[in-house]
There are 2 protein chains.
Amino acid sequence: MQAYHQLEAEFKSRNIRFTKPRRAIFKCLQTATYPLSIRDIYTSLPNIDRTSIYRTLELYLSLGVVQIIPIGWKQKYELAEPYAPHHHHFICLKCGSHTDINPPGLEDLLRHYERTAGVIITAHTFELSGVCAACQQGIQ
Amino acid sequence: MQAYHQLEAEFKSRNIRFTKPRRAIFKCLQTATYPLSIRDIYTSLPNIDRTSIYRTLELYLSLGVVQIIPIGWKQKYELAEPYAPHHHHFICLKCGSHTDINPPGLEDLLRHYERTAGVIITAHTFELSGVCAACQQGIQ
DNA sequence: GCAGCTACTGCAACTTTGTTGCAATAGTGT
DNA sequence: ACACTATTGCAACAAAGTTGCAGTAGCTGC
């Protein structure tokens, strides 16, 4: 809810209309417990035209409201900072479960690379996949 | 060349045919200095049918010969270990240059997460983008 | 609450990307 | 050189993504 009003204010200050489709797509992303594909979004919002979903996601990307997460062979969308806490993902290839993670040391690693290479890092992807603890112990 | 013969041997031992299209696609990926999109591949190999490129890349993915790299909004393909040394990328958003990187500490970070979370990591993506040193100093 | 302005949506038509089945072809072993 | 069959290229298709435009809905001022 917090984030929703934050975005509403952001839109108002920029004279961008926070329309019904845009609200719906934001809420859809906010409710999801894992990153969504475009298909996920427009099957869960059947009364919003595909075109509007593409255009809204493009807008949200340019505003930094959402980010693209590469999962398996697919691109998925998820709220970005500051609309959702910064995190990464571990995906279990057996059971398909998603775990939000935030490994300590990752930030340091980025800052260290910036210093040594003399670059500025404005974005990063970091995603893990493998076998979760439960699947290692379980029957299968 | 090394890697090419390595793959040739791998194919022979598995009774998979190392055909002309498959050779061409491998060489194409090997020659490239940055990850290629499917479009990159079939524009540079116009006498190979799109279908064969999709099927070959699918095969190569399943054999671990190539891996998918998420760059910007696109998926790109690149040779994987052991056909190319393991590395990640820094992409400059101003000049578009690609730099292969291998930040020290990344492996430790993965191993540490495996221990603390009790999981097994079989794959990871780690890509950086921002502004390179040259672009920070240059006129623009 | 109404009118007017225009950003935004939904539609339709289209382009590009990815998939499937099948007949023809080209690797491989003998 | 022959035969076996994995693999290719073709054609037809399905899905994903794009574009232009007329109509709509969200703001603003009254």
Distance, nearest 0.5 Å, that separates CD1 of A:Ile48 from OG1 of A:Thr51
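Output value for this atom pair is 12.0 Å.
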
Say you draw a straight line from SG of B:Cys28 to CG of B:Leu45; how long is it, rounded to the nearest 0.5 Å?
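One finds 4.5 Å between SG of B:Cys28 and CG of B:Leu45.
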
Pairs in or reaching into residues 38-48 of chain B: which pass side chain to side chain donor-acceptor pair (under 3.5 Å), with residues at least two apart or in two chains?
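Residue pairs passing side chain to side chain donor-acceptor pair (under 3.5 Å), neighbours aside: B:Ser37-B:Asp40.
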
Just to verify, what does [X] make a salt bridge (charged side-chain N to carboxylate O under 4.0 Å, His left out) with, not counting sequence neighbours?
{"X": "B:Arg115", "result": "none"}
{"X": "B:Arg23", "result": "B:Glu8"}
{"X": "A:Glu81", "result": "none"}

Spacing of [X] atom [atom1] relative to [N] atom [atom2], expressed in whole Å:
{"X": "A:Glu58", "N": "C:dC8", "atom1": "CD", "atom2": "P", "answer": "12 Å"}
{"X": "B:Ile16", "N": "D:dT5", "atom1": "CD1", "atom2": "P", "answer": "17 Å"}
{"X": "B:Gln75", "N": "D:dG17", "atom1": "CD", "atom2": "C1'", "answer": "15 Å"}
{"X": "B:Ile53", "N": "D:dC10", "atom1": "CD1", "atom2": "P", "answer": "12 Å"}
{"X": "B:Leu57", "N": "D:dT8", "atom1": "CG", "atom2": "C1'", "answer": "15 Å"}
{"X": "B:Arg14", "N": "D:dT7", "atom1": "CZ", "atom2": "C1'", "answer": "17 Å"}

Check: protein-nucleotides 28-30 of chain D nitrogen or oxygen pairs below 3.5 Å:
none

What bend angle does the helix from C:dG1-D:dC30 to C:dT30-D:dA1 show across its length, from five-pair end axes and to the nearest 10 degrees?
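Rounded value for the end-axis angle: 50°.
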
Using a 3.5 Å cut-off and no angle test, enumerate the donor-acceptor pairs between side-chain atoms of residues 52-73 of chain A and protein atoms at least two apart in sequence or in another chain.
unit_1	atom_1	unit_2	atom_2	d
A:Thr56	OG1	A:Ser52	O	2.8
A:Tyr60	OH	A:Arg22	O	2.7
A:Ser62	OG	A:Leu59	O	2.8

Can you name the residues that form a side chain to side chain contact (heavy atoms under 4.5 Å, CB included) with B:Ala9, not counting sequence neighbours?
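Here no residue qualifies.
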
Quick one: salt bridge (charged side-chain N to carboxylate O under 4.0 Å, His left out) pairs with a partner in residues 95-112 of chain B, sequence neighbours left out?
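Counting only pairs at least two positions apart or across chains, the salt bridge (charged side-chain N to carboxylate O under 4.0 Å, His left out) contacts touching residues 95-112 of chain B are B:Glu107-B:Arg111, B:Arg111-B:Glu114.
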
Considering only Ile, Leu, Val, Met, Phe, Trp and Tyr, and joining two whenever side-chain heavy atoms are under 4.5 Å apart, list the other residues clustered with B:Ile121.
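A:Phe90, A:Ile101, A:Leu106, A:Leu109, A:Leu110, A:Tyr113, A:Val119, A:Ile121, A:Phe126, A:Leu128, B:Phe90, B:Ile101, B:Leu106, B:Leu109, B:Leu110, B:Tyr113, B:Val119, B:Phe126, B:Leu128, listed by chain and number.
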
Sequence neighbours excluded, which residues qualify as ring pair (Phe, Tyr, Trp, His ring centres under 6.0 Å) partners of B:His124?
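Counting only residues at least two positions away or on another chain, B:His124 forms a ring pair (Phe, Tyr, Trp, His ring centres under 6.0 Å) with B:His86, B:His88.
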
Under 3.5 Å, N/O pairs linking protein and nucleotides 17-27 of chain C:
unit_1	atom_1	unit_2	atom_2	d
C:dT17	OP1	B:Arg39	NE	3.1
C:dT17	OP2	B:Arg39	NE	3.2
C:dT17	OP2	B:Arg39	NH2	2.6
C:dT17	OP2	B:Tyr42	OH	3.4
C:dG18	OP2	B:Tyr54	OH	2.4
C:dG18	O5'	B:Tyr54	OH	3.1
C:dG18	N7	B:Arg50	NH2	2.7
C:dG18	O6	B:Arg50	NH2	3.0
C:dG27	N2	B:Arg17	NH2	3.1

